[in-house]
Number of protein chains: 2
Amino acid sequence: MRKPATSPSIPGLGEGQRGEAGHLGYLLRQASLAWRARMEHALAEFAVTPPQFAALTMIGAYPGLSSADLARLSLLTPATVAGIVANLKRAGALTARRHPVHGRILQLALTAKGNAQLARCKRRVYSLEARLAEDLSPAEEKAVRRWLALAARAG
Amino acid sequence: MRKPATSPSIPGLGEGQRGEAGHLGYLLRQASLAWRARMEHALAEFAVTPPQFAALTMIGAYPGLSSADLARLSLLTPATVAGIVANLKRAGALTARRHPVHGRILQLALTAKGNAQLARCKRRVYSLEARLAEDLSPAEEKAVRRWLALAARAG
DNA sequence: GGGATATTGTTAGGGTCCTAACATTCTATT
DNA sequence: AATAGAATGTTAGGACCCTAACAATATCCC
């Protein structure tokens, strides 16, 4: 069976609404799905998922930050962050201890293992990321960056 | 409690690595998360999720396409599509019937209810989408579209 | 001191996404 | 015809991500 061709004309990845002329929201979704898939495969060797990598990066950059801080930084809800943190803690990549004064806050910090893992992941991801801009002129890259930052804010 | 300020200097959404100067992959993730959240809120009234809207749109555009076709179109796995289709079917928005000749293929098509729902969703989403490009010059929008299509393909 | 208010984190449940393993059906080759 | 190969769809298990409701802690204001 070499492709039953159920429907007559289903477009490939660059054609129809799936190419540059398609809806911006759809293009954004597609690009994000593809990037996430590439990240997943690149990080699979280290048993780290893309969201875990993002969390490790932020905790590495701001040691001692709280779970709520991490949620705000990641644009995620506290409930979602709790799951990610639980998995990283179970893997021994980070520690969560109560704030000495403010009894409810959890202060997150990387363990030595978490730091080593983060360093390995960073090398891998950054080399992948370099290919994300290689076909862009400086002016184009500037436009893309401006738009992405804009889209993250409001619209 | 007005913000305990666990860590000294955690950047806001436009600052540090979270602004235009940050990593492209991180910016893409942020933009996509924010867009998805806006979509979810816009579609919540119709009890449709963004992935469901994407599936409805594609089935509406290519009636009779198979579950595998839908997976390829969406850059998703067959298993993921099965879940989305099951939810839409349970809601009465689509039908899945066996191909008359090719006994294993499922042919997907919208019901009247699904079509009406899709029309309502489209109006809502497209008006939201218009705001996604309103601050972009034509040249910038062209650059963004080219990059998104490129990122969806390979890198 | 004693609330109203706000923030933090937790729990429960649903939808999305993956990999891995599998059964089913059809095509191609021998 | 018989077998190998390829495509379709299914199931099980795990990680992400959300909303909603809740418990615990800290601040503000009287």
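Just so we're on the same page: letters track the sequence lines, and every chain starts at 1.
Note on ring orientation: taking the six-membered ring where Trp is involved, the planes of B:Y126 and B:F53 are perpendicular (angle over 60°, cut-offs 30° and 60°).
Not one side-chain nitrogen or oxygen of B:T49 sits closer than 4.0 Å to the OP1 or OP2 atom of D:dC18. OP1 and OP2 of C:dC18 both lie 4.0 Å or more from every side-chain N or O belonging to A:R38. In this structure, B:R72 reaches the D:dT8 phosphate: one of its side-chain N or O atoms is under 4.0 Å from OP1 or OP2.
One can place CG of B:L65 at 11 Å from P of D:dT8, the figure rounded to the nearest angstrom. For B:L70 and C:dT16, the CG to P distance is 12 Å, given to the nearest whole Å. To the nearest angstrom, P of C:dT8 lies 12 Å from CG of A:L73. Distance CG (B:L43) to P (D:dC18): 16 Å, rounded to an integer number of Å. Nucleotide D:dT25 holds its P atom 12 Å from the CD1 atom of A:I105, rounded to whole Å. The separation between B:H99 atom NE2 and C:dT25 atom C1' is 13 Å, rounded to whole Å. Going from atom NZ of A:K89 over to atom P of D:dA15 covers 16 Å, rounded to whole Å. Put simply, CG on A:N87 is 11 Å from P on D:dG14, counting in whole angstrom units.
Heavy atoms of A:L75 sit under 4.0 angstrom from primed sugar atoms or phosphate atoms, though from no base atom. Across all strands, B:T77 comes closer than 4.0 Å to base atoms (heavy-atom distances). Within 4.0 Å (heavy atoms only), A:T80 reaches at least one base atom of the nucleic acid.
Around atom CZ of A:R98, more than 12 heavy atoms belonging to other residues, nucleotides or ligands sit under 6.0 Å away.
Between the A:E20 side chain and the B:K142 main chain, no donor and acceptor come within less than 3.5 Å of each other. Put simply, the side chain of A:N115 never gets that close to the backbone of A:A112: no donor and acceptor are under 3.5 Å apart.
Between B:R90 and B:L76, the residue anchored closer to the 5' end of DNA chain C is B:R90, taking for each the nucleotide with the nearest heavy atom. Between B:Q52 and A:H41, the residue anchored closer to the 5' end of DNA chain C is B:Q52, taking for each the nucleotide with the nearest heavy atom. For the pair B:E40 and B:A79, both in contact range of DNA chain D, the more 5′-proximal nearest nucleotide belongs to B:A79.
Each of C:dG9, C:dT16, C:dT25 was ranked by its minimum atom distance to the side chain of B:R104; first place goes to C:dT25.
Paired with B:E45 under the rule salt bridge (charged side-chain N to carboxylate O under 4.0 Å, His left out), one option of B:R123, B:R120, B:R124 passes, and it is B:R124.
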